Amino acid sequence: MDYLIEQALNGFSIGAQYSLLALGLAIVFSVMGLVNFAHGEFIGVAGYAMFAMAAMGMTDPWLLVVFAMATVTLVALVLERVAFRPVRNAPPTTGLLTAFGVGIILQNLFLLMVSPRPKAVPELSALNQTVEVAGHNFTILQFLEVGVTSVAIAGLVWFLKGTRIGLAMRAAALDFTTVRLMGMRANRVIATAFAISGLLASIAAIFFIARRGAIDPFMGLLPVLKAFVACVLGGFGSLPGAVVGGLLLGLVEVLLIVLLPDKLAGLRDASVFLIVGVILVFRPQGILGRRVELGDKTA
Amino acid sequence: MKPGDTMKWLGLSLCALLPATNAGAAEILKIGAPESISGDWAPYTAAHGLRCMAELVNEAGGDYKIELEVKDSKSEPQLATALAQQMLDDGVVAVSGTPASDSLIPIAQLAAGYNAITFSAMNTQVEMFATGLGNFVTTAVPDPFNAAATAKVAYDHGARTAVLFVSDAAGTWTRALPGWFGEVFEKLGGKVTGTIEYPGFGITDWSPFISKLKTMNPAPDAIHISSINPDVGVLIRQLRAAGMDTMVLGSDGFDDATLASVAGGAANVDGKVFFAAHGFPTPGGSLAVFQAECAKRGYEINGAFFGLGGDVIKLLVGAAKAAGSTDPKAMLEAIYTKGPFEIVTAPTISFDNPWHYPVKEVPVMGFKDGKPVLMSSTVPTDVPHFKK
């Protein structure tokens, strides 16, 4: 039983990270129809920002966290202005290629300006301390992952429902032209979406770095692919879908580690995608995705 | 050793490469190296060691001048193969690739058509000797030697039970090597109590696997994993965070200067982490001298892998000298039959066995105060796999 409780929390904490990243992808996609594959590199931006500041003597973990979050949000805004705004009205494939290009440029900047080798960022390692709750050992980080993700999602829901710009973003997900006709500035709506996606990615990055204790130029590649799968699973463009997809993906991955015998462990990844495939056969629009209606955006 | 002695030693060692007579222009030895300067294998690249030794050989003068072309394969087998093809078209006598068989086997097959040698500074996979390639040379000992040396040190340090972490990520290096460790470990009196499969490289969160490990009864004294840093560093960090003091044993993938810091510092590795490497810079020894000289020239030293790059250049020059020719076929014949050759990571290396794998001392490292220390340096005799 202890084992199952421990693994369930493992699944939730991994799923929470996927959810945060998937939400960032989904929010940009819902507003401007862009699958931002450079989103994973925000993890790298956060990591290298912390590494640089720690090297310059900033050792307070809270300051490093705040600095990393501010840097990623700023970089997300700069990328929107410099890289994505010029291709906003181009075909979706142009945006997709731009995203890949931005990702490659960021990876190579880390590689050339720092090192191709991993660098230790141990400043957040205190979060890996274990605490005993009802006879079970958990790390502080696992609770933070689940707790902070819940707060971030609640904050996002409030922002989308309780503010004018949030309302505009929700409306833009359905029909951007009408939103502009109502007097909202497109640049502001899209820039806000990027800022939120950067902020969410920076929270995920803090968890990644606290757990891993090291950074390398390509550390964002795998997480963004997982986030993409989570988005597809939950329903692309659906924000609750991104959360559900991320959590489900994390839980399924851990469940297969628990259930599959070691002899069949080679089939673990295949099994994850088989499950995703089966879900999509019955729910092609994703778990919480909705069918496109007349007048809605299709991309 | 005084700095003057170091230079004297280096000078003498390079002079040993020179032929007795030094008349006429130096013969060109053109070498191509699509190396992993970035990507997964970047921490273990031999590119800088190759460059530095080529520089030293050329400065020392002599019968052979090295023309070395290094390009970044980004650790991608396909890109390495394409770059190797270009280099072979340019007339190199020897060419490398990314350090795994998925690039080296196709490159060796390509190179065979050009009568060229395929080399790897650090490939250790047994499949390279089982696929009938007649033109492959590596300066790193094969995995069964690595596993045997680690098993002996683990047993001597009190480990009696072990769990093996295995994966298909890098062929036999990640799957069979832990098995060979287990084979020797059990022969010594230990017991392998289980295996845990992990999906591959790039794991950020080992928690589900650690939870699985914690349920094993009895809890193992040690785990063995053959993987890359930072993955193994993260595993050690998370094991300790989960309250597990288990000994962690590994292969040459552990030999990265950042391992201890990624693993969470001295307390997490001292006396509890051991791994087989490809060389240890004993003060005053050839590897230490080579590394010091190259560091002065501005090269970044990435552990023994840097020395392996130096080994390759010394071996190829030594082979040309022994063969009396820069014809790759004659050089290869000399490598296979006319050893031992002097190198930097060990006193000598030889390939005179039916498989033509390299035979040299295998150092096993541990940690003290977070710094790597030498635990043993032997040529293992009871080695699995090759006896079959």
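Treat the numbers as computed from the prediction; the structure is a model and nothing was measured. Convention: sequence-line order gives letters A, B, ...; per-chain numbering from 1.
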Leading residue by heavy atom contact count with chain A [cutoff under 4.5 Å; candidates B:Thr45, B:Thr204, B:Ile196, B:Thr195]: B:Thr204
Residue A:Ala210 versus chain B: region with a heavy atom under 4.5 Å: backbone
Partner chain A: residue of B:Asp256, B:Ile203, B:Asp168 with the largest heavy-atom pair count (under 4.5 Å): B:Asp256
B:Phe201 atom CZ: more than 12 heavy-atom contacts under 6.0 Å: yes
Interface moiety of B:Leu235 toward chain A, non-hydrogen atoms closer than 4.5 Å: neither
Interchain contact, B:Ala257 with chain A, by part (heavy-atom threshold 4.5 Å): both
Contact origin within A:Ile257 toward chain B - heavy atom pairs under 4.5 Å: both
Nearest-0.5 Å distance, CD of residue A:Glu6 to OG1 of residue B:Thr215: 9.0 Å
From A:Leu141 atom CG to B:Gln238 atom CD, the distance as rounded to the nearest 0.5 Å: 9.0 Å
Contact leader toward chain A among B:Asn229, B:Asn302, B:Asp231, B:Ile37, where contacts are heavy-atom pairs under 4.5 Å: B:Asn302
Nearest-0.5 Å distance, OG1 of residue B:Thr258 to CG of residue A:Asp216: 9.5 Å
Validation row: B:Pro199, A:Glu253 side chains within 4.5 angstrom (heavy atoms): no
Under 4.5 Å from any heavy atom of chain A - which part of B:Tyr44: neither
Closest non-hydrogen atom pair, A:Arg211 against B:Ser207: NH1-OG, 3.1 Å
Contact origin within A:Leu221 toward chain B - heavy atom pairs under 4.5 Å: neither
Side chain / backbone / both / neither for A:Phe208 at chain B, heavy atoms under 4.5 Å: both
side-chain contact (heavy atoms from CB on, under 4.5 Å), paired with B:Pro208, selected from A:Leu256, A:Leu255, A:Ile14: A:Ile14
Top of B:Ser261, B:Gly202, B:Ser211 for chain A proximity - count of heavy-atom pairs under 4.5 angstrom: B:Ser211
Intermediate values then yes/no, side-chain contact (heavy atoms from CB on, under 4.5 Å), A:Gln107 and B:Ser38: CA-CA 10 Å; A:Gln107 286 169 0; B:Ser38 62; over 6 Å; no
Best-contacting candidate, A:Gly11, A:Pro118, A:Ala214, A:Ala120, against chain B by heavy atom pairs under 4.5 angstrom: A:Pro118
Approximate separation, where rounding is to 0.5 Å, of A:Gln142 CD and B:Asp205 CG: 7.5 Å
